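In what follows, a single structure is set out as structure tokens and then discussed.
The shown structure was predicted, so the numbers you read here are calculated from the model rather than taken from an experiment. In what follows, chains carry the letters A, B, and so on, assigned in the order in which the sequence lines appear, proteins first and then strands, with residues in each chain numbered from 1.
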Amino acid sequence: MYQILKKKTLNSNTKLMVIDAPFVAKKAQPGQFIILRVDEDGERIPLTIAEYDRENGYVTIIFQEVGATTKKLGLLNEGDCLHDFVGPLGVASELEGLKKVAVVGGGLGCAIAYPQAKALHEMGAEVDLIAGFRNKDIVILEDEMRAASTNLYIMTDDGSNGHKGFVTDALKKLIEEGKQYDAVIAIGPMIMMKFVSETTRPYGIKTIVSMNATMVDGTGMCGCCRLTVNGETKFACVDGPDFDGHQVDFDESMRRSAMYKAQEKEAVEHHECNLHKMEVK
Amino acid sequence: MANMNPNKCPMPEQDPNVRNKNFEEVALGYTPEIAIEEAQRCLNCKHKPCIDGCPVGVKIPEFIALVAEGKFIEAAAKIKETSALPAVCGRVCPQESQCESKCVRGIKGEPVAIGRLERFVADYAMANDTTEITVPEQNGHKVAVVGAGPAGLTCAGDLARLGYKVTVFEVLHTAGGVLMYGIPEFRLPKSIVQREIDNLKAMGVEFILNFVVGRSETIDDLLADGYEAIFVGSGAGLPSFMNVPGENYNGVYSANEYLTRVNLMKAYKEDSATPILRAKRVAVVGGGNVAMDAARSAKRMGAEEVYIVYRRGESELPARLEEIHHAKEEGIIFKFLTAPLEVIGDDETYMVKGLKCQQMELGEPDESGRRRPIPVEGSEFVIDLDAVIVSIGTSPNPLIRSTTPGLDTNKRGCIVADEETGLTSKEGVFAGGDAVTGAATVILAMGAGKKAAAAMHEYIQNKNK
Ligand SMILES: Cc1cc2nc3c(=O)[nH]c(=O)nc-3n(C[C@H](O)[C@H](O)[C@H](O)COP(=O)(O)OP(=O)(O)OC[C@H]3O[C@@H](n4cnc5c(N)ncnc54)[C@H](O)[C@@H]3O)c2cc1C
Ligand SMILES: Cc1cc2nc3c(=O)[nH]c(=O)nc-3n(C[C@H](O)[C@H](O)[C@H](O)COP(=O)(O)OP(=O)(O)OC[C@H]3O[C@@H](n4cnc5c(N)ncnc54)[C@H](O)[C@@H]3O)c2cc1C
Ligand code: SF4
Ligand code: FES
């Protein structure tokens, strides 16, 4: 079974877990993800492989508690087991040959971007890591990101850490100052990835985005995760999750990922109501 | 003296207007009395034409004779000599185009209800056979099976019986393949499939779930791990879309997605964690078993109007006759000679609003021998809808072929394998089922698993001579 070996709280709604999953750890690469189920009859949710330890067979996941399943996951503790944990899924990021890269992470996206930054840094590339958060209280992985980058720029929407602005502002400034990036890797909310892609488009800088579409199986069996890239239908789970940001139809993807909003809200209420029942007992 | 009634003994069934609101099994099965009466319709023909119609050569008149004598457990054993999953096949095989199409009784009247009898004896044996399943004597060799669908399960069972240590690798969290994630509960109860899987476990077959062959490990890794032969039964799970405008609006599902949410993820249960659209007006595009299952599931999920939109005519529907009949009884509306042109969506909500279709008429026969549908000019019309389920076929997932050097595939992406042995272009690797044929049937997948098991046994014996 997939035991939780370590649990750490990163900020008020973001947690890290180290899972015992040797078959996943064995071949995992930056950019790949897993799908887990917390319990029998649970939903299948995709999470990025944030780190892996091949020797011991460990895989690290970092997740934000946004809905019923991630909240349920957050309630588990060290020693508990996950019902299912499958991976590595998706195509690994193509990092070969990149010498100078800007990695842009938005909020939780920083956790997803971190393995790429780390791999690039270890390959000897120059990595500018631009991390955006709403305010300084929710900054995560600061030490890890610093260690995995040449320069780290942490931006906050409200300026509470002294650097007010969006990641796109920081990126634009760096490009205009003359940084010659081989590629920009942007991971975060779709709207952020869209604006990063728009920022780099005029400069013709290759921009890789990670499309976190809604998924069911994660193996190419259902097409739920489909998106339009350069006018063609692709499946995020098997053709991605990385795609060329200049070719992705973000507007369509954003609208697709909002499909179950109402039902998800209901599920959270149901879940909280159950939690409440548990407390009352 | 044979029972000369020209008609099959009717199958007890749930009332159509009750069952189209629940997920319980539609057909309730013969009682022992009905089974004996039906078995007496068999003439025990010398030349056994029915057997020629069975892809795995079930000894039909012999098992039916045992039913007529009331020897149900013995009858089940007779079927098991050549078929691994009778409780499944009795429910889902297209008997009308296989064994029953050849039955002599079908010349004047209805054929013997071979499928219903098969189902009866398999269910009877499951409930009443008390023989303990034991682990066969081990021969010291280990083999791997990729994919736990009917092809893989059959191959695993046969190899386990020969004494092999068998490991089945399955990517999903449940074994069973399409039998679990595709075919709905009301047609094939999941407990029946689970029973077959539990029997294999009792025989010592090991199931490793949540294991993606091609990513967790490749076929070459498995060979290097010491599996002496590998059977690939990974199915044809990649859904095709129509490639018409509007196909990415919310509310357009592949049949695989819709059925997976309903079956595997149990969205049909009130307290399920899996979200699904509770659509009121649904169109299913396609005419196969998959389309019938999607349409009937949508009805059960609360849809008021469910359409089957099919390009050709009624006689071309590829689905089993029984499914078409059941679908009609349950109130599914068939739109024949109708081709989808465009999904209409609401740009505010991004939800499906309708399906623009075109009327077709039948022209000259095409390569498949069926008359080609051709569009009727100016016949476009729109069906108002809130969901569209696309069920126009599937093909093999590219994952295994793209990660296995030396494994030849054809231009449709199917693995090239010898029909008699399942041997592929790669040494030690065998394949069968939908992964080789493209989307086909349970019985063909099972037959391929059986043939491959025999060939793998021979291959390993020769290698170790
Ligand atoms: C390839 C991939 C990698 C991912 N990696 C991570 C990760 O490392 N850490 C992490 O916390 N999350 C990650 N996600 C998103 C994560 O899968 C969802 O947050 C999770 O499924 C939500 O489940 P839930 O039941 O808790 O919430 P739900 O009730 O399903 O959703 C709650 C809210 O989150 C939104 N939401 C749901 N799914 C997504 C999604 N895929 N993308 C954006 N918003 C979504 C919903 O619209 C809703 O507003 C990843 C998604 C993909 C596809
Ligand atoms: C909705 C529906 C209704 C049907 N109705 C009928 C019917 O009435 N009668 C009939 O005869 N046939 C029917 N069929 C067709 C029939 O189910 C299939 O032909 C049959 O299941 C094929 O068996 P298989 O073992 O080749 O593949 P599958 O049943 O598809 O099983 C393949 C298995 O391999 C797994 N797998 C795939 N890739 C990997 C990988 N890389 N690593 C590990 N595991 C992997 C899959 O998850 C799956 O579990 C229906 C199909 C569907 C979808
Ligand atoms: S063809 Fe029909 S009647 Fe003849 S043996 Fe077969 S099932 Fe019996
Ligand atoms: S999640 Fe089902 S195909 Fe991608």
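For A:V24, no part sits under 4.5 Å from any heavy atom of chain B, backbone or side chain. The parts of A:T219 that come within reach of chain B are both its backbone and its side chain, each placing non-hydrogen atoms under 4.5 angstrom from that chain. Heavy-atom distances place the side chain of A:Q32, and not its backbone, under 4.5 Å from chain B. Proximity to chain A (any heavy atom under 4.5 Å) is shown, for B:L238, by both the backbone and the side chain. Using a 4.5 Å cut-off between heavy atoms, A:F85 contacts chain B through its backbone alone, with no side-chain atom that close.
Here A:G87 is the residue among A:G42, A:G87, A:G218 with the most heavy-atom pairs under 4.5 Å with chain B. Of the listed residues (B:D221, B:L209, B:T174, B:N243), the one with the most heavy-atom contacts under 4.5 Å to chain A is B:D221. Taking chain A as the reference chain and counting heavy-atom pairs below 4.5 Å, the highest number among B:N397, B:T394, B:L264 is found for B:N397. Between chain B and the residues A:A28, A:G90, A:A21, the most heavy-atom pairs under 4.5 angstrom are made by A:G90.
To the nearest 0.5 Å, atom CG of residue A:L89 and atom OG of residue B:S216 are 7.5 Å apart. For the atom pair CZ of B:F241 and CZ of A:F235, the computed distance is 5.0 Å after rounding to the nearest 0.5 Å.
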- Message: Quick one, B:Y249 with A:R256, criterion side-chain contact (heavy atoms from CB on, under 4.5 Å). Give me CA distance, side-chain angles, the key distance, then yes/no.
- Response: CA-CA 7 Å; B:Y249 278 118; A:R256 283 185 63 76; over 6 Å; no
- Task: Check the pair B:Y181, A:D217 against side-chain contact (heavy atoms from CB on, under 4.5 Å), reporting the backbone distance first and the verdict last.
- Result: CA-CA 11 Å; B:Y181 77 72; A:D217 59 299; over 6 Å; no
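By the 4.5 Å heavy-atom criterion applied to side chains, B:R215 and A:V91 are counted as neighbours. Side chains of A:F23 and B:V212 form no contact here, defined as non-hydrogen atoms less than 4.5 Å apart. Using a 4.5 Å cut-off on side-chain heavy atoms (C-beta onward), B:N248 and A:R255 make no contact.
Comment: B:E217 does not engage A:K27 in a salt bridge, judged by the lack of any side-chain N to carboxylate O separation of less than 4.0 angstrom.
Residues of residues 250-263 of chain B lying under 4.5 angstrom from chain A, judged on non-hydrogen atoms, are B:N250, B:G251, B:V252, B:Y253, B:S254, B:N256, B:E257, B:T260, B:R261 in numerical order.
Looking at A:R44, its side chain never comes within 3.5 Å of a backbone N or O of B:L172 through a donor-acceptor pair. With hydrogens and angles disregarded, a donor-acceptor distance shorter than 3.5 Å links the side chain of A:R226 to the backbone of B:E247.
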